[in-house]
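Quick note on labels: first sequence line is chain A, next is B, and so on, each numbered from 1.
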Amino acid sequence: METVYIAHVGEHEGKEVEIRGWLYNKRSSGSVVFLIVRDGTGFIQAVVAKGQVPEEGFAACDRLTQESSLVVRGAVRADRRAPGGYEILVSAVEPVSIAEEYPISLKEHGVDFLMDHRHLWLRTPRQVAIMRVRNEIVKAIRDFLDDREFVLVDAPILTPSACEGTTTLFETDYFDTRAYLTQSGQLYMEAAAMAFGKVYCFGPTFRAEKSKTRRHLMEFWMVEPEMAWVDLDGDMRLQEEMVSYVVQRVLEERAKDLATIERDTSKLEKVKPPFPRISYDEAVEILRRHGVEFEWGNDFGGGDETILAEEFDRPVFVHRYPTVCKAFYMKPDPNRADVCLSADLLAPEGYGEIIGGGQRIDDADLLARRVEEHRLPAEAYRWYMDLRRYGSCPHSGFGLGIERTVAWICGLDHVRETIPFPRLLNRIYP
RNA sequence: UCCCUGGUAGCUCAAUGGUAGAGCGGCCGGCUGUUAACCGGUAGGUUGCAGGUUCGAGUCCUGCCCGGGGAGCCA
């Protein structure tokens with residue numbers, strides 16, 4: 001008899017199979033017991049009829065509690081009444097481990113309770129679907145970049161200095177000196193781009209900001225491509241192609257999971273290049289037209305981003321931000337020194353900024369001035385300055401936040417459900 | 001850090017200042033096609049903590065603790 005995953009039972013119609021999994025739910029009509037079994041790939045109803053299984057197997061069903069692990073064997077049968085299209089006519093039931101009273105019921109629960117039980121919450125159909133979509137997004141990003149001859153270069157997680165500022169870093173002791181958990185791999189990717197041409201890193205990043213919103217995690221994952229000999233326009237072209245590719249691939253490969261989450265996919269289907277591009281100045285005009293009092297030079301807030309995104313049916317680029325509100329390494333627009341060659345990508349439906357990127361300063365003298373202006377420790381950036389001393393060239397890149405992208409594609413109202421074990425303000429358990 | 005809001009059974013929630021309750025889950029029993037099954041029975045409480053007002057506080061007041069939503073900052 002073959003042991004199969006529930007996702008593949010349809011390939012064994014009429015045959016006896018073995019399924020190993022956990023009891024999701026149980027219903028009974030006296031001498032017929034319905035076991036709803038899950039195995040991580042899907043759910044299936046196993047029908048246990050008295051007289052058709054050994055007496056001890058039927059009696060075992062009585063002892064099976066929610067989330068007990070078990071093995072069932074039986075014939076696969078197509079049934080119109082079954083949600084997955086198939087059910088198992090059980091010939092044998094073997095409890096493996098009887099679960100204690102399970103805290104998570106099939107009814108509703110509050111956020112606090114679920115977060116405290118994240119290790120168990122992860123088993124529920126909705127969470128499984130979200131994590132499978134996340135997995136597909138990660139795979140799609142990597143396939144997209146690998147197919148275009150980008151080289152994956154891992155950036156360090158322990159770093160000697162801040163990438164963009166010192167207020168938001170987690171600090172740790174590094175023998176007798178200080179080290180910080182990385183907030184971005186970008187500076188290292190600039191070094192790698194000079195070695196390989198086109199590179200990206202993919203890993204966790206950390207921000208110690210005391211942010212408590214639906215868009216923030218203390219620990220989140222970013223993919224950060226960096227390209228030598230590419231300007232801001234080329235940077236944006238790559239971004240819109242990548243984001244479109246990822247969305248279309250999730251629509252193709254994970255339609256079932258999106259249905260489980262009850263995502264309205266009609267809005268995702270429109271996500272195809274080209275994406276609209278507006279300048280910061282145009283964005284400010286749009287905001288003012290909507291009655292927002294906005295001062296030139298400020299960065300946009302969450303509400304502002306939503307207003308801007310609602311003007312379009314797909315993600316929108318906002319480019320050429322004021323130099324004052326962006327990081328020290330952003331290259332000034334040669335035609336206008338007060339704005340820089342940066343671009344953020346705002347997701348539709350109020351999900352906000354999912355990408356921040358731009359063209360980097362390639363001139364050694366200007367970069368040195370900026371390090372000084374931002375009062376950064378020159379010593380710590382000496383290696384970074386070297387990149388402009390030894391064959392500098394125009395280069396650009398961007399960082400895409402995985403969790404915000406997952407939240408947008410899944411249509412979730414909080415990023416805490418987009419990562420297996422979220423680290424939130426004042427919450428590091430489990 | 002600031003603003004708003006909440007904390008009652010394992011969970012989700014009721015309870016006009018006047019006897020702390022329901023559904024789900026648990027346990028016991030019933031039912032041969034159930035779809036968060038259903039039906040009957042049953043156990044389960046320091047109402048977040050500490051004070052105060054009152055004849056009487058889950059309810060009103062003060063302080064603290066913890067959660068949720070939002071702002072700033074950001075991806």
Distance-only side-chain donor-acceptor flag, A:Q45 / A:R81, under 3.5 Å: no
Writing each nucleotide of RNA chain B 5' to 3' as (, ), [, ], | or . by Watson-Crick or G-U pairing under 3.5 Å yields (((((((..((((....[..)))).(((((.......))))).....(((((..]....))))))))))))....
(request) Look at the side-chain N and O atoms of A:R427 and state whether any lies under 4.0 Å from the OP1 or OP2 oxygen of B:G68. (result) yes
| field | Rounded P spacing from B:U12 to B:C65 in Å | value | 24 Å
Of A:R416 and A:M222, the one whose nearest nucleotide on RNA chain B sits closer to the 5' end is A:R416
Taking B:C74, B:U34, B:G69 as options, the one with an atom nearest any side-chain atom of A:E305 is B:C74
Regarding the side chain of A:H216, the nearest nucleotide among B:G69, B:G67, B:A75 is B:A75
Rounded to whole Å, the CG-C1' distance (A:D413 to B:G68) equals 12 Å
task = Kindly indicate whether the side chain of A:E108 and the base of B:G23 share any N or O donor-acceptor pair separated by less than 3.5 Å?
result = no
Considering only atom C1', compute the distance from B:G33 to B:C38 and round it to an integer number of Å.
-> 13 Å
query = Do any N or O atoms from the side chain of A:K26 and from the backbone of A:C61 form a donor-acceptor pair under 3.5 angstrom?
reply = yes
*When the ring centroid of A:Y102 is compared with that of A:Y24, is the distance short of 6.0 Å?*
no
Exactly one of A:R20, A:R63, A:R73 clears salt bridge (charged side-chain N to carboxylate O under 4.0 Å, His left out) with A:E94, and that residue is A:R73
Checklist line | Rounded distance in Å between the P positions of B:G48 and B:C66 | finding: 16 Å
Take atom P in B:G18 and the same atom in B:G68, then report the distance between them in whole Å.
32 Å
Rounded to whole Å, the CZ-C1' distance (A:R214 to B:C73) equals 17 Å
Item to check | Span that lies between the C1' atom of B:C60 and that of B:C2, in whole angstrom | outcome: 27 Å
Among the nucleotides B:C73, B:C11, B:G26, whichever has the atom closest to the side chain of A:E101 is B:G26
Step through it carefully: locate the ring centre of A:F300, locate the ring centre of A:Y280, and say whether they are under 6.0 Å apart.
yes
Note to self: Side chains of A:H109 and A:S105 only: does a donor on one sit below 3.5 Å from an acceptor on the other?
What the structure shows: yes
I'd like to know whether the aromatic ring centres of A:W121 and A:F113 sit less than 6.0 Å apart in this structure. no
Which atoms of nucleotides 28-31 of chain B (N or O only) lie under 3.5 Å from a protein N or O atom, and what are those distances?
residue : atom : partner : partner atom : Å
B:C31   : N3   : A:G30   : N            : 3.3
B:C31   : N4   : A:S28   : OG           : 3.4

* **A:D281 side chain to A:S279 side chain, donor-acceptor N/O pair below 3.5 angstrom** => no
Separation of B:C11 atom C1' from A:W121 atom CH2, nearest Å, is 15 Å
Between B:A43 and B:G10, how far is it from one P atom to the other, in whole Å? 16 Å
Gap in Å between the two C1' atoms, one belonging to B:G25 and one to B:U42, rounded:
14 Å
message: Any non-hydrogen side-chain atom of A:V324 less than 4.5 Å from a side-chain atom of A:D338?
response: no
Less than 3.5 Å between a donor and an acceptor, one on the side chain of A:S105 and one on the base of B:C11, is that the case here?
no
Contacts of A:A49 and A:F113 projected onto RNA chain B by closest heavy atom; the upstream (5') one is A:F113
A:L35 atom CG is separated from B:G33 atom P, nearest whole Å, by 16 Å
Fill in: C1' atoms of B:C55 and B:A50, separation to the nearest Å
24 Å
Aromatic contact, A:Y329 with A:Y384 (centres under 6.0 Å)
no
With the side chain defined as heavy atoms from C-beta on, A:K210 is closest, among B:U1, B:A75, B:G70, to B:U1
